Every structure is written in structure tokens, then in C-alpha cells.
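These notes are about the structure you will find just below.
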Amino acid sequence: MYRIVKKEKMNEAVNKFVIEAPLIARKRKPGQFIILRLHEKGERIPITIADSDIEKGTITIYVQKIGKTTYEFGSFKEGDYILDVSGPLGNPTPIEKKGNIYCIAGGVGAAEIYPIAKAYKEEGNNVYVIIGARNKELVIMEKEFKSFADGVYITTDDGSYGRKGFVSDELLEHINNRKIDEVIAVGPAIMMKVISELTLKYKIPTLCSLNAIMIDGTGMCGVCRVEVDGITKYACVDGPEFDAHKVNFDLLMKRLKSYLDEERISLEQYKHMIGERR
Amino acid sequence: MAKKIRKTRVEMPKQNPKGRIKNYNEVALGFSEEKAIEEAERCIQCPDPTCIKGCPVEINIKGFIKKIQEKDYEGALSVIRITNLLPGICGRVCPQEEQCEEVCIMGKRFEPVAIGRLERFVADFEVGQGKKPEIKLQPSTGKKVAVVGSGPAGLTVASELAQKGHKVVIFEALHKPGGVLIYGIPEFRLPKKVVEQEIENLKAIGVEIRLNHVIGKILTVNELLEDFDAVFLGLGAGLPAFMKIPGENLIGIYSANEFLTRINLMKAYLFPEYDTPIKVGKKVAVIGAGNVAMDAVRSSLRLGAEEAHIIYRRSRKEMPARLEEIENAEEEGVIFDLLVNPIEYIGDENGRVKAIKLIKMELGEPDDSGRRRPVPIKGSEYLFNVDTVVVAIGQKANPLVTSTTPDLQTNKWGNIKADEYGRTSKKGVFAGGDIVTGAATVILAMGAGRKSAVAIDEYLRTGKWK
Ligand SMILES: Cc1cc2nc3c(=O)[nH]c(=O)nc-3n(C[C@H](O)[C@H](O)[C@H](O)COP(=O)(O)OP(=O)(O)OC[C@H]3O[C@@H](n4cnc5c(N)ncnc54)[C@H](O)[C@@H]3O)c2cc1C
Ligand SMILES: Cc1cc2nc3c(=O)[nH]c(=O)nc-3n(C[C@H](O)[C@H](O)[C@H](O)COP(=O)(O)OP(=O)(O)OC[C@H]3O[C@@H](n4cnc5c(N)ncnc54)[C@H](O)[C@@H]3O)c2cc1C
Ligand code: FES
């Protein structure tokens, strides 16, 4: 049982949770994630470790409501317990001094890229961050990034904040003005695909973090299969980060839709149930 | 006057096939006391019993059956427990027909004594009486052992060492202990409460279980050695094998591990009450013909598949599954497509599998395993429509632990090298079960656990390594 010591609502969709998990807090490195299960009937879902506090023995995660489990998680309060937390899983991001690094995030991806951006900075890189969201309300962590990054740029689909457009539009402008040594993209598969196509054209090395469906996170089940350079890899143990230029994003996007019908049933049933309780 | 001996074994009652594929309850219902005695009476108590040598852990089979004949079931169980700590599990899942029962003298002329069914009977009888095994614990030695993995190998080591007075902590990657017994073998073959009971027994003797601990990630073996006097690795063979043929990553193609984990560990058969989904559709093809394949194909029927096929590249004779499970599958209506092999999967526009391209095979010369090698017949390809495919062609070693423990030697398949007593190349580190032998059986994993426990105990007492 893992206690939620703090919960903070970032916006309508995203909650921040600080969870007691001392050993994970001590061990985790940027780029790694946990797999959690809320309760006895719950499914196992992967969530990135955004931050940790070794002294307090806590880890921080940001969770966006998109389906049954993440909605239900949103209803958890401070003092509540999560049944299972396993981690840290996946490989840490290889952090080296490279020069100018661009961290591109979509939506809740901002939370996922945060520890990576910070580590790149601490390693002596110049770190620029581009955050994309549907609208102003959904932009998270701008302040946190501004506290250390060399530049923070926002794009929104509707133009309610920052540049109107996509993260790729913003990145293109920077490509034209600055030598970029590495791009790292974290967010929806389609966003990572677009960024990858752009940086391939300009031959900028690019990493992306693949959000495949997972169960165990140890290489045991194979549900997280992705194709990199034509070879099957397991996102949970071989990744989650891969060379974006070699990733088969179309396959990833299709596989993410494996359970669309069931996810809809599950969410509708959940909403119905909490509706009844009120 | 000598009693006339029954030539055939006493049938064990089973749920009828039509009904049982609509539920997840255990198929084989076990012997009643009368039936158990009737079957036990078939044992002629050979002076030189061959059955015992046929058992990988050499259970005193003659001895425990004698006790059943005397209606001393507790006594029978004590005899088994000298060498086998998990009789309720082994009685259900051991391939007896190629072990003890294969060499039973009765079997030379008639049907062999149903040793497995009797083993199960005595274990269930104890549970039925609400009794717990009486275990004598030796005084604490102050030594600590870390056991990684809670499959049959790990559980056995833990139990033996705890009884010898050592403090044992099990580290398990998943959120439930039991290894394959929990996430792999389905409820209808091995009720989870049987496994849960064994785990309760372990906790009762002071074994601590830390779940959600993936060793190699949260702690390395070297870090464990800082806190513990010895480490046992019972990691199993947890990595699914695929065939590496085109289209294998289409949606609807599961590894057997994923398929069975969703069902058994995550209870997807109870979706949407439980949150984890599974999709089977109308027509399911399972590739392979071992125990894992039988479990998957029979599970698919229970999930509503109308047509469930086994696709196997050799012939019936070579199928590695337990005979009983093949028969159960047949009774339940599983269709066996033999001497065919997939060469490609075809998907629809959404990336979901819709057909398998199969090629017919014939048997050629014997291969290394002694079985005749299947050879493809040129030009015999055809399409086979499916909604779901489960690939059950084997499991390999997971490198999470070995890749983070450089001085732990492995063989070319990634299995940990260990001697007969589980001693690895690294001082203080022992290993046993599927991680050493490659995917094998519950009883072999347990047997390896027992042997390792002896060596670990000796190492803890004397500090001597090899
Ligand atoms: C390594 C990794 C790290 C992640 N880190 C975070 C994080 O820090 N914060 C966060 O909010 N989310 C994160 N995710 C995504 C998160 O796991 C999914 O949002 C979650 O599993 C959805 O569960 P659900 O039951 O709420 O929705 P579901 O009902 O399962 O899914 C609803 C919809 O979301 C899409 N979806 C399903 N699974 C995923 C997935 N794994 N990634 C993206 N979309 C998916 C599907 O297309 C589906 O239509 C991460 C995923 C991975 C693999
Ligand atoms: C579907 C299926 C059906 C089977 N049917 C039969 C049968 O009928 N009869 C029979 O005799 N055998 C059968 N087998 C084989 C038998 O189950 C195995 O041989 C046996 O379970 C091996 O035991 P083990 O203790 O070595 O490993 P496992 O049972 O595999 O247990 C290993 C445990 O270690 C854990 N682990 C792995 N890595 C780590 C890590 N890094 N950190 C922490 N924990 C870790 C795993 O999560 C797992 O719980 C079957 C196997 C399967 C998959
Ligand atoms: S999540 Fe199961 S193998 Fe990656």
C-alpha cells in the first residue's frame, strides 16, 4: 500500500500526486516510470516518475484523465492508498553533455519530460523547452521549466496562449536559427511522429519516449511490442526511449487502439457508477 | 483368498465438457474418500518400487499409498511432505504419465495406479478438514536469505530455509506471489486458493514477501548481498518467444504470457467488473501444443470463442502437453490442426489480424530432441481466417537480473549456470528452477529448490563455498 501524501489539481484534466515510496524515490533516474494498480480490481498502468524527494521518501507523478483508470485515480484524495506501485522501470535517459538540447512536450508529456530536461541542464547543456497543449488551461509546469531552462516556448491549438499552432511549427523556427544537438520528444504518438519527421529532414538526433500499452513492465508479456529499425523491441525493458527516426509510429498508434471498445465500456460504466452514487 | 485387482484406474469425476466451458471452475473434481481407497487398493506394494525412481523428487509413493490403504490420510501427507512441499499443486499439474505412472509396474499389464490423483486427494483432504500442516521450526540462526521470485522454486527454498531457522524475505516482481502457478496456469486447472493456501502457510512460518519488487531495477543482486547472507534466484523463464515472422505485431496476436496474465492475474474474464480487458472474438488459433498452449486454447473457449484451434507443426505423437490436458481440450471441442506452421500474419486496415498464412509440414529425420523434424511442403501454403492468435511456442530467460549482475555466468540461452546444488559462479548466490534449466516443470523447479536449500543452509552454517 502506497499512501498519497499530497494531491494538487493542475487543471481539469491533470492531477499531481506525491506518493510515499521511499525505495523507488532513492533509486529512480530521469526517464524511468512506475506501474501502478489502484485497487484489487484495477488494471496496471504505466506513469512516469516526474520527481522525487529522497529525504521525504516520496515520488511525484502527474496523471491525465483519459480513460477509466486515470479518471478513477483523479478521484483519489490525500491520505488514500494505492494498492500497488512497481518501479523504477525502464531504462534511464542517457544524459550527456551535448550542447543545445530541445525538449518537446505535448500535454501531460511536460511532466514526463521535466526530470529529463532538468538532468540535461545539470549536465551542463543549454536546455530549451517547447510545450504544446490544446488550450491555455491545459498547459502545465511552465513555471517549473522557467526556473532552470534557457528558453520556454508555448504553443496552443486554439491560440489562447503562446503561439497558435503545433510544437513542430515552433521547433522549425528554432531549427532555422540555432544549431540543435539533440531533440527529445514526449507526448502523444502523433506529435512524436511529426517531430521525428521534421528532425529527420534536418538530421537532428531525436529521442522519443514510447507510451505503449503495458502490463507487467518486466518483459514478461510482450504487449508493449514496438518496432524500431524493423526489429521488435519491448518498450518497457528496451525503452521507453528510442531513436525516433527508427520508430514505426503507425504501428504504435494502431496498437494503442487495441481496446478502444472495451475502454469506452469501462469508462462509461465508471461514470455511470459515480453518477449513481452522488 | 487374494483379492481381485481392478485393471483400470478409478475415474476421477470431472465437470461435463459442455457446462465447464461456460465457467472457470476446476474441471477435475478429485476423488472422494471411497474412490481414493479403491484406487489405492490397486497398488500392489512392490518390494522394489519403480515409481519412486520415476519421481523427480523421489516421493515415497509406495509409502504414502500404503497409508491411504490404511485410511491414515494425515500419515500419507506426512510421507509426501518429506520430499514434496506442494502436493496439492503437484497432484494437479505434474506430468505423471511420463514420470511415476509411466514406470508403475501395474502399468505393464493394466493401467498404472493413478498416483497423481491420490497425491491430490490427500492434500485436499487436509484442506477439507481445515487443518494446517504442523511445521517444526528450528531456533533462529540470525542469518538472512533473499529469495528472488515466488514460483515453485522460490517458495520451496523459502519454506525449507525458514524451517531451518533462517530469516527469509521473498522479492517478487508482480503484485501477487506464486509465479506461473498464479499468472500462468488457469483457475480451471489449478484453483488459485490452493496456491494462496501454500503462501499463507509460508507467511505463518515467518517468511516475509515483498511484492512489486523487480530485482535488477529497484535493487540489484549486489545490493541484496549487502543486507542478506545469501541470495536465491528463482526467476523462472518469463520471456515469451515469438516466431519473428511478418505481421506478428498485429493487434490480436498475443503471447501466451500476455493472454494468460490478462486472464489469470488480472482477471480479464471478469471484465468490466475488473478493469483489464481481453478480446477473443469468434475464432482463435493457438500456436504450439504444450501445456501453455492447452491452457490458452481452453481459456479462449471459456471467454466465448466459438472455434478454438491448436496449430502445431509436428504430429499428435510429439505434442508436449500432458495427456490429460490434451484429452480435456478435445472433450471441450478444441480442433487440432497438425503438421501446419504459420509463416505470415495478414491484417486488416486497422492493423488487426484477420488471417494466418499456414504451410503444411511433413516429418523428416529425427532432430536433436529425438523427435522427427518437421519440414515444410513446398507450395502448400493456404490462408486461415482468425480473430485472435496466441503464440505459445516457448519461454526464455529474462535478462533483467543477469544483465545487472556481470559476474553471474549464463549459458548461450541466457540461463544462469549453476551446479546440482544451485551454486552459481557468484559466491553466495544460488539459482534454480526454470531460470537454470529453461522452461520445465513445477516438480523440477521444486526439486531444485529443495537441493538449493540444503546447500544454502550449509553455506550459511559453514561459510564454505564449493
Ligand atoms: C512509459 C509510459 C509513461 C507514461 N507516463 C504517463 C504520465 O506520466 N502521465 C500520464 O498521465 N500518462 C502517462 N502514460 C500514459 C498512461 O499510462 C495512460 O494514459 C493510461 O494507461 C490510460 O489508462 P486509462 O484506463 O485511464 O485509459 P484507457 O481506457 O486505457 O485509454 C483511453 C485512451 O487512451 C489511449 N491510451 C491507452 N493507453 C495509453 C498509453 N499507454 N499512452 C497513451 N495513450 C494511451 C488509448 O488510445 C485509449 O483510447 C504513460 C505511458 C507509458 C507507456
Ligand atoms: C501456462 C503454463 C502452464 C504450465 N503447466 C504446467 C503443468 O501442467 N505442469 C508442470 O509441471 N509445469 C507446467 N508449467 C511449467 C511450470 O509452471 C514451470 O516450470 C514452473 O513454474 C517454474 O518454476 P520457477 O519457480 O522456476 O519459476 P516461475 O514459476 O516462472 O516463477 C518465477 C517468479 O519470479 C518472478 N521474477 C522474475 N524475475 C524477477 C525479478 N527480476 N525480480 C523479482 N521477481 C522476479 C516472476 O514474476 C515469477 O513470479 C506451465 C507453465 C506455464 C507458463
Ligand atoms: S509490459 Fe509486458 S513485456 Fe513490456
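To find a chain, count down the sequence lines: A is the first, B the second, and so on, and within it residues start at 1. Because the structure is a prediction, the values reported are computed rather than measured.
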Nearest 0.5 Å, what's the [atom1]-[atom2] distance between [X] and [Y]?
X	Y	atom1	atom2	result
A/E262	B/K279	CD	NZ	4.0 Å
B/N350	A/M253	CG	CE	13.0 Å
B/I251	A/S258	CD1	OG	4.0 Å
B/E258	A/I215	CD	CD1	4.5 Å
B/N249	A/N248	CG	CG	9.0 Å
B/F271	A/I265	CZ	CD1	5.5 Å

Identify which part of [X] has an atom lying under 4.5 Å from any heavy atom of chain B, answering side chain, backbone, both or neither.
X	result
A/I213	side chain
A/Y234	side chain
A/V223	both

Check whether more than 12 heavy atoms from other residues, nucleotides or ligands sit under 6.0 Å from atom NZ of B/K192, and answer yes or no.
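Enclosed.
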Under a 3.5 Å distance rule, please check whether B/S255 uses its side chain to pair with a backbone N or O of A/C221 as donor and acceptor.
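Judged by distance alone, yes, a pair lies under 3.5 Å.
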Would you call B/K217 and A/S86 a side-chain contact if the rule is heavy atoms closer than 4.5 Å?
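No, side chains not in contact.
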Side-chain heavy atoms of A/V85 within contact of B/N212, under 4.5 Å:
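Counting from C-beta outward, A/V85 and B/N212 never come under 4.5 Å.
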Tell me, for [X] versus chain A, whether the close heavy atoms (under 4.5 Å) come from the side chain, the backbone, both or neither.
X	result
B/I253	both
B/F242	side chain
B/E172	neither
B/K267	neither
B/E273	both

Find the one option among B/T261, B/T276, B/I218 whose heavy-atom pairs under 4.5 Å with chain A are most numerous.
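If we count pairs closer than 4.5 Å to chain A, B/I218 comes out on top.
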So which of B/R262, B/Q395, B/E248, B/K396 has the largest heavy-atom pair count under 4.5 angstrom toward chain A?
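When all of B/R262, B/Q395, B/E248, B/K396 are compared, B/R262 has the most.
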Angle class for the B/Y254/A/Y259 ring planes (parallel below 30°, perpendicular above 60°, tilted otherwise)?
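It falls in the tilted class, 30° to 60°.
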Contacts with chain B made by residues 20-40 of chain A (heavy-atom distance under 4.5 Å), listed by residue number
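Those residues of residues 20-40 of chain A which have a heavy atom under 4.5 Å from chain B are A/L23, A/I24, A/K27, A/Q32, A/R37, A/H39, A/E40.
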Partner chain B: residue of A/E72, A/R44, A/K257 with the largest heavy-atom pair count (under 4.5 Å):
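Maximum pair count with chain B is reached by A/R44.
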Taking all non-hydrogen atoms of both residues into account, name the closest pair between B/P240 and A/G222 and its distance.
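In terms of heavy atoms, the two residues are closest at CG-N, 4.3 Å.
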Using side chain to side chain contact (heavy atoms under 4.5 Å, CB included), reason through A/K254 and B/R352 one step at a time and then give a plain yes or no.
CA-CA 8 Å; A/K254 282 182 180 158; B/R352 187 170 284 281; over 6 Å; no
Lys/Arg N to Asp/Glu carboxylate O, B/D275 vs A/K41, below 4.0 Å:
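A salt bridge is absent here (no side-chain N lies under 4.0 Å from a carboxylate O).
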So among B/L174, B/L239, B/L400, which one has a side chain to side chain contact (heavy atoms under 4.5 Å, CB included) with A/M220?
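The passing option is B/L174.
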